Number of protein chains: 2
Amino acid sequence: MRRDSRLSRMLHVLIHMDRIEGAATSDQIAQMLGTNPVVVRRTMAGLRDDGYVHSEKGHGGGWVLTRPLSEITMLDIHRALGNPGFFAVGVAIDHPECLVEQAVNSALGSAFEAAENLLIGKFAAVTLADLADDFDQRMAQITAEPNCELT
Amino acid sequence: MRRDSRLSRMLHVLIHMDRIEGAATSDQIAQMLGTNPVVVRRTMAGLRDDGYVHSEKGHGGGWVLTRPLSEITMLDIHRALGNPGFFAVGVAIDHPECLVEQAVNSALGSAFEAAENLLIGKFAAVTLADLADDFDQRMAQITAEPNCELT
DNA sequence: ACATCTCGCAACAACAAAAGTTTCGAAATC
DNA sequence: GATTTCGAAACTTTTGTTGTTGCGAGATGT
Ligand code: FES
Ligand code: FES
């Protein structure tokens with residue numbers, strides 16, 4: 001089953017945005033992500049609606065962060081993307097009145113609920129500033145050459 | 001994103017199989033699941049390969065359990081279905097050498113790993129006999145009328 | 001003013017994965 | 001030998017995502 005990588009991509013983008021001068025255009029971001037600008041706008045629309053970024057038209061326009069990375073958690077971005085379900089596996093509801101199905105789905109459901117709560121807790125605990133710090137540490141260790149337009 | 005409900009369905013089926021006389025045909029199971037026999041065979045093939053069920057051809061043939069429910073865990077069935085990934089959300093690998101991406105994916109990856117371990121632990125701890133017991137308790141509480149061929 | 005850049009939005013096309021269907025064959029029972 | 005039932009391959013349908021195209025609106029530069 002194909003995986004939704006929007007969260008990973010958006011986190012990546014936002015941290016880069018924090019490090020560059022001025023605005024990043026949808027085109028630049030699209031190239032960085034190996035996709036096209038319309039997809040970028042579609043994805044970032046959620047972040048804009050939730051107030052994490054702002055978009056500006058015209059010359060020198062594009063996307064800018066509207067608040068410091070320290071005030072955005074991974075969970076915030078997940079929510080801004082529409083709070084998509086984390087799981088590719090779920091319960092079947094073929095016979096809602098069947099007690100076997102109920103017993104099975106209750107066991108499955110509580111396991112997934114526990115896993116989801118764990119994920120939510122972990123995501124809420126990490127700000128983008130934490131990720132940026134992690135990046136700095138990695139950068140300090142090995143001085144690697146970034147290979148794309150946005151450094 | 002569409003969810004894989006094979007695990008839920010197979011657990012449901014196996015517990016029913018334990019309660020009926022003789023073999024259950026792919027056709028019967030398909031009706032119970034609201035699908036068709038070919039899909040059932042496809043899905044159950046994994047369980048057969050891992051030795052949880054046996055299939056017999058010809059008159060009176062079909063599927064039978066090859067071991068007691070107490071010796072099968074939810075995790076066993078998940079594995080028998082090809083050990084599909086639990087998550088619908090995953091990391092993007094657009095620029096493997098980008099340290100920002102690495103930092104992001106490390107944070108995401110460790111969260112998913114923890115959640116997956118939690119799920120595996122929970123699934124391994126529940127046998128199908130446990131689910132059947134849960135069913136019995138539900139049955140004892142409310143005496144409901146089963147509505148399908150397999151009671 | 002006018003050209004250019006950039007986002008916003010909607011409609012459409014392309015693609016991929018899962019599920020469902022059809023068809024044939026093989027083995028077991030009646 | 002007829003019938004039941006699984007096994008497997010090929011094909012179609014469905015569904016959701018992603019990518020594309022096209023037009024319009026707002027902002028900036030000349
Ligand atoms: S995409 Fe992260 S360095 Fe270019
Ligand atoms: S499907 Fe569970 S009772 Fe019929």
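What you are looking at is a predicted structure, and each value in this text was computed from that prediction instead of being measured. Letters go in sequence order (proteins before strands), and every chain restarts at 1.
- In this structure, the side chains of A/Arg19 and B/Val100 stay at 4.5 Å or more apart for every pair of heavy atoms.
- The separation between B/Glu56 atom CD and C/dA26 atom P is 18 Å, rounded to whole Å.
- When each of C/dG20, D/dA8, D/dA25 is scored by its nearest atom to the side-chain atoms of A/Lys57, the top-ranked nucleotide is D/dA25.
- Nearest nucleotide to the side chain of A/Asn36, out of D/dG19, C/dG8, C/dA19: D/dG19.
- When the nearest nucleotides of DNA chain D are assigned to A/Gly58 and A/Arg41 by heavy-atom distance, the more 5′-ward of the two goes with A/Arg41.
- The aromatic rings of B/Phe112 and B/Phe87 are tilted relative to each other, their planes meeting at an angle between 30° and 60°.
- In this model, no side-chain donor or acceptor of B/Arg42 finds a partner on the base of D/dG7 within 3.5 Å.
- The CG-P distance, from A/Asp27 to C/dC5, rounds to 11 Å in whole Å.
- Here the side chain of A/Ser55 pairs no donor or acceptor atom with the backbone of A/Gly62 at under 3.5 angstrom.
- Distances were taken from every side-chain heavy atom of B/Arg6 (C-beta onward) to each of D/dG29, C/dA19, C/dC7; the shortest belongs to C/dA19.
- Comparing C/dT6, D/dT20, C/dC9 by their nearest atom to the side chain of A/Thr25 picks out C/dT6.
- For the pair B/Gln28 CD and D/dT4 C1', the interatomic distance rounds to 12 Å; values are reported in whole Å.
- Remark: B/Ser26 is in phosphate contact with D/dC6, judged by side-chain N or O atoms under 4.0 Å from OP1 or OP2.
- Across the protein-nucleic acid pair, B/Met44 atom CE and D/dA8 atom C1' stand 17 Å apart, rounded to whole Å.
- One can place CZ of B/Arg3 at 18 Å from P of D/dT15, the figure rounded to the nearest angstrom.
- Distance from the side chain of B/Arg48 is smallest to D/dC6 among C/dT21, D/dC6, C/dG8.
- At whole-Å resolution of the value, CD in B/Gln31 and P in C/dG20 are 14 Å apart.
- Tested against A/Val126, the residues A/Leu131, A/Ile72, A/Leu75 include a single side-chain contact (heavy atoms from CB on, under 4.5 Å) partner, A/Leu131.
- Between B/Val104 and the options A/Ile15, A/Leu7, A/Leu14, A/Val13, a side-chain contact (heavy atoms from CB on, under 4.5 Å) holds for only A/Ile15.
- Distance A/Arg9 CZ to D/dT17 P: 15 Å, rounded to the nearest Å.
- Atoms CG (A/Leu47) and C1' (C/dG8) sit 16 Å apart, rounded to a whole Å.
- In this model, the phosphate group of D/dG7 is approached by a side-chain N or O of B/Ser55 to a distance below 4.0 Å at OP1 or OP2.
- Of the two residues near DNA chain C, A/Pro37 and B/Ser5, the one whose nearest nucleotide lies more 5' is A/Pro37.
- Of the side-chain N and O atoms in A/Thr35, one or more sit less than 4.0 angstrom from OP1 or OP2 of D/dG19.
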